[in-house]
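Take a look at the structure set out below.
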Amino acid sequence: MQKIPLQKLDPRAILPTFATEGSAGADLYALLDETVRLPPLERALIPTGLAMALPAGWVGLVYARSGLAVKRGLALANGVGVIDADYRGEIKIAIVNLSEEEQIIEPGERIAQLVALPLPAVAFEEVAFLDE
């Protein structure tokens with residue numbers, strides 16, 4: 001099992017948790033001083049209070065929580081967030097309200113899922129493609 005070093009940038013931050021033993025993604029939690037009100041079609045950048053040190057050759061992928069998307073219309077503004085192995089700043093979640101009603105994000109609410117994966121080494125090379 002690969003262990004990923006995490007740092008709480010704020011003592012109130014909640015470490016990512018896996019809901020079940022079979023969960024692919026670990027839940028990320030909103031670190032907020034107060035409730036965030038998100039009008040329809042508006043975006044917000046929600047802090048987690050966490051930073052991590054992915055090993056070289058790894059990537060962190062941040063996905064929407066399906067329950068928030070289906071029940072409340074909350075999605076990630078960038079589709080899927082990519083955390084590079086050399087990024088050491090705070091993990092923040094860009095959320096957009098795609099519903100027709102104002103949505104509320106509460107302090108400590110589960111707002112996204114984090115998946116950490118190894119990446120194969122690749123190189124890109126230009127080639128000529130022939131139609132046959």
Side-chain angles (χ1 to χ4, degrees):
M1 173 187 304
Q2 179 70 42
K3 294 190 178 185
I4 308 291
L6 283 167
Q7 179 184 8
K8 284 186 176 184
L9 303 173
D10 183 303
R12 300 171 300 152
I14 301 170
L15 294 178
T17 59
F18 291 97
T20 67
E21 193 173 300
S23 295
D27 290 326
L28 293 172
Y29 298 82
L31 179 68
L32 299 169
D33 294 325
E34 58 189 32
T35 296
V36 169
R37 295 184 171 284
L38 198 55
L41 302 179
E42 292 293 319
R43 296 173 300 278
L45 193 58
I46 307 295
T48 65
L50 299 172
M52 69 179 170
L54 287 166
W58 281 66
V59 65
L61 300 174
V62 179
Y63 294 98
R65 293 193 65 246
S66 57
L68 290 181
V70 172
K71 296 175 187 171
R72 295 173 47 196
L74 293 174
L76 296 187
N78 54 342
V80 174
V82 175
I83 303 171
D84 296 314
D86 59 354
Y87 178 70
R88 296 294 184 265
E90 182 176 9
I91 299 168
K92 295 182 182 181
I93 311 303
I95 294 182
V96 61
N97 178 4
L98 299 176
S99 78
E100 296 177 359
E101 300 173 358
E102 178 179 79
Q103 295 297 317
I104 295 173
I105 301 170
E106 298 286 351
E109 184 173 352
R110 295 179 299 162
I111 55 170
Q113 298 182 76
L114 173 64
V115 175
L117 296 171
L119 293 172
V122 299
F124 297 98
E125 64 178 32
E126 183 177 2
V127 298
F129 289 97
L130 303 176
D131 292 325
E132 293 188 14

Do side-chain atoms of Lys8 reach the backbone of Ala13 as a donor and acceptor pair under 3.5 angstrom?
->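 Yes; judged by distance alone, with no hydrogens or angles, the pair exists.
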
Taking [Y] as the starting point, is it possible to reach [X] by hopping between hydrophobic residues whose side chains are less than 4.5 Å apart?
X: Ile14; Y: Ile4; value: no
X: Leu31; Y: Leu38; value: no
X: Leu114; Y: Val59; value: no
X: Val96; Y: Leu76; value: no
X: Ile83; Y: Leu119; value: no

Heavy-atom closest contact ([X] atom, [Y] atom, distance):
X: Lys92; Y: Pro47; result: CG-CA, 4.0 Å
X: Glu106; Y: Ala30; result: O-CB, 3.8 Å
X: Pro55; Y: Ala85; result: O-CB, 3.4 Å
X: Leu54; Y: Gly60; result: CD1-N, 3.3 Å
X: Ile93; Y: Ile91; result: CD1-CG2, 4.0 Å
X: Ser99; Y: Arg72; result: CB-O, 3.5 Å

side-chain hydrogen bond (donor to acceptor under 3.5 Å, both in side chains): pairs with one or both residues in residues 44-71, sequence neighbours excluded = Asp27-Arg65

Take Leu61 and Val82 through the test side chain to side chain contact (heavy atoms under 4.5 Å, CB included) and record every step on the way to the result.
-> CA-CA 5 Å; Leu61 300 174; Val82 175; 4.1 Å; yes

Quick one: do Gln103 and Ile95 satisfy side chain to side chain contact (heavy atoms under 4.5 Å, CB included)? Show the steps, please.
-> CA-CA 11 Å; Gln103 295 297 317; Ile95 294 182; over 6 Å; no

Separation between CD1 of Ile111 and CG of Leu32, rounded to the nearest 0.5 Å =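 Between atom CD1 of Ile111 and atom CG of Leu32 there are 7.0 Å.
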
Atom CG in Leu74, atom CG in Leu98: separation rounded to 0.5 Å?
->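 With rounding to 0.5 Å, CG (Leu74) is 8.0 Å from CG (Leu98).
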
Would you check if Glu109 and Leu68 make a side-chain contact, meaning some heavy-atom pair closer than 4.5 Å?
-> yes

In the hydrophobic clustering (ILVMFWY, side-chain contacts below 4.5 Å, transitive), which residues join Phe124, or is it alone?
-> Val122

Near Arg37 CZ, under 6.0 Å, is it more than 12 heavy atoms from other residues, nucleotides or ligands?
->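 Not more than 12 within 6.0 Å, no.
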
Gln2 atom CD, over 12 foreign heavy atoms within 6.0 Å |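 Above 12, so yes.
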
Those residues that, when tested against Arg12, pass salt bridge (Lys or Arg N to Asp or Glu O under 4.0 Å) (two or more places apart) =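 For Arg12, the residues satisfying salt bridge (Lys or Arg N to Asp or Glu O under 4.0 Å) (neighbours in sequence not counted) are Asp10, Asp33.
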
